[in-house]
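The analysis underlying the following values was restricted to heavy atoms, covering all of them including side chains, and did not include hydrogens, waters or symmetry mates. Keep in mind it's a predicted model, so treat the numbers as computed, not measured. Lettering follows sequence order; numbering is per chain, from 1.
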There are 2 protein chains.
Amino acid sequence: MRLKEEQEITEVAEALAHFEGFLRRRGLKVTKTRLLIAERALSMPGHFSATELWGALREQGASVATVYRTLELLAEAGLVRRCILAGTSGAIYEPYLGRRRHHGHLVCRNCGRVIEFRSQDLEEGLRRTAEAHGFCLEEAVIQGIGLCRQCRESLG
Amino acid sequence: MRLKEEQEITEVAEALAHFEGFLRRRGLKVTKTRLLIAERALSMPGHFSATELWGALREQGASVATVYRTLELLAEAGLVRRCILAGTSGAIYEPYLGRRRHHGHLVCRNCGRVIEFRSQDLEEGLRRTAEAHGFCLEEAVIQGIGLCRQCRESLG
DNA sequence: GTGAGTGCAAATGCTTTGCATGATG
DNA sequence: CATCATGCAAAGCATTTGCACTCAC
C-alpha cells in the first residue's frame, strides 16, 4: 500500500494532466503560470480564499488577476469547487479531487470550524429529486449550519 | 378556505410580530425603520439582493447601512435566509416563512433559473449525519447546480 | 434624558477590467 | 508571427464603519 503522501502527489499530477487536456480541448494555451497556479491550488490542504492562494504565489510572480482567472478555469474543469462557508464575505475554494469528492460541510456558526462528511447518499437523493424536475444535476452543495460539539457544550 | 393572498398577509404580519418579540428579547429597540425594512423583505416574492431591497426602500428614506444591519437581524431571527445561487457575486436572501421553509434550490448554470423543491427528507438525512458528528443542525443548505429541462434540450 | 439606532459618506476588501507587454502554438 | 495570456494599475461593487444627529424607551 502506498503512503498517503504519495497518493496525493499522484492525484495532483493526474489532475494537472486533466487540466492540460481541458485547456487544449478548449483551444486555450498551456502556460507556466496556469500550471503553477493549478498546482498550488490543487495541493492546498483544505479550504482557501483567492487571496490566500495569491499570497502563496505572489513571490513567484503570479498576479491576483491571473489567480482569479485560473481559479475560474479550474472550477470549470471540475478540479476545484467554490464553496460557501458561514461568515466569509468572499468566495472560498477547495481542491476537488478523487478522494475529496462527494462531501458536504457542517459549519459551526460560533467558531467557524468546518466538519466534512461523506454525502454520497444525500447526493443520490438530490439527484433523484432533480430528475423528477427534469433537471440534470452536475454538482451538489449540501451543507449544514449550526453548533459543533464543543460550542454546543461551552454555550450550554 | 382563505385566499392565498390573505394567507400571505397574515403570515407576514405574524412574522413581524415574531420579529418584534425577537428584538425585545434581545434588548434591541423596535424602530420604524426596522419594521419597514422587515416588512418589505418578508413580502418579497422570491430571492433578492440587499441592493434590490434597498432600491425598493430608499425613497422611504432607509439607508443601505440599515438595510444590511436589519437583514442580519432578520436572518438571526430565522425569518430570512441567506442563500447561495450560482453566478452572483453578492449575497442573496429570501423570505423564510412557514410555507417557504424546508426547500432546496436547483440552479441552472446556463439560464440562472431557480427551481425550488421540498427538501424535508434530505434535511432529515442531513440532521442524522450531523448528530452522528455531535453537531447540532440549525439550518440546512441543499442545492444542486446543473441544467434545467429547457437548457438541457436546447444545448443538445 | 440617555443610550441605542440611523443616515451619510468615506473606507474597505474582494473581484474584474483595460491595456501594453510578453509568451505560446 | 499572430494570438492569446499576463501583469499592472485602475475601476467597480458589495459591504462595513465612524460619527454626528435622532428617536425609542
Does C:dT16 have OP1 or OP2 under 4.0 Å away from a side-chain N or O of A:Y68? no

Once hydrogens and angles are ignored, does a donor-acceptor distance under 3.5 Å link the base of C:dG7 to the side chain of B:R58? no

Side-chain N or O of B:T66 closer than 4.0 Å to phosphate OP1/OP2 of C:dG7: yes

Rounded distance in Å - CD1 (B:I37) to C1' (C:dG7): 11 Å

A:H102 backbone acceptor or donor facing A:S119 side chain under 3.5 Å: yes

Whole-Å distance separating the OH atom of B:Y93 from the C1' atom of D:dA14: 10 Å

d(CZ, B:F19; P, C:dG5) in whole Å: 11 Å

If the cut-off is 4.0 Å, is B:R34 near the phosphate of C:dT6, judged by side-chain N/O to OP1 or OP2? yes

Check whether any side-chain N or O of B:R113 sits under 3.5 Å from a backbone N or O of B:V107 as a donor-acceptor pair, and report yes or no. no

Quickly work out the A:K32 NZ to D:dG7 C1' distance and round it to whole Å. 16 Å

Whole Å only: how far is the CD atom of B:Q60 from the C1' atom of C:dT6? 16 Å

Distance-only donor-acceptor check, side chains B:E94 and B:H103, under 3.5 Å: yes

Within this structure, what is the CG-to-C1' distance between A:L35 and C:dA23, rounded to whole angstrom? 13 Å

Between A:V30 and B:G61, just flag the one whose closest nucleotide in DNA chain C comes earlier from the 5' side. B:G61

When the nearest nucleotide of DNA chain D is assigned to B:A50 and to B:K29 on a heavy-atom basis, which residue is associated with the more 5' position? B:A50

Give the nucleotide from the list C:dG25, C:dC8, C:dT15 with an atom nearest to the side chain of B:A65. C:dC8

Calculate the interatomic distance between A:L71 atom CG and C:dC14 atom P; express it in whole Å. 14 Å

Using a cut-off of strictly less than 4.0 Å, decide whether B:T31 has a side-chain nitrogen or oxygen near OP1 or OP2 of C:dT6. yes

Without swapping roles, check the side chain of A:E153 against the backbone of A:Q150 for a donor-acceptor pair under 3.5 Å. no

Mind calculating the distance between CD (B:E20) and C1' (D:dC25) to the nearest angstrom? 14 Å

For C:dG5, does either OP1 or OP2 sit under 4.0 Å from a side-chain N or O belonging to B:T33? no

If the threshold is 4.0 Å, N to carboxylate O, is there a salt bridge linking B:R26 and B:E76? yes

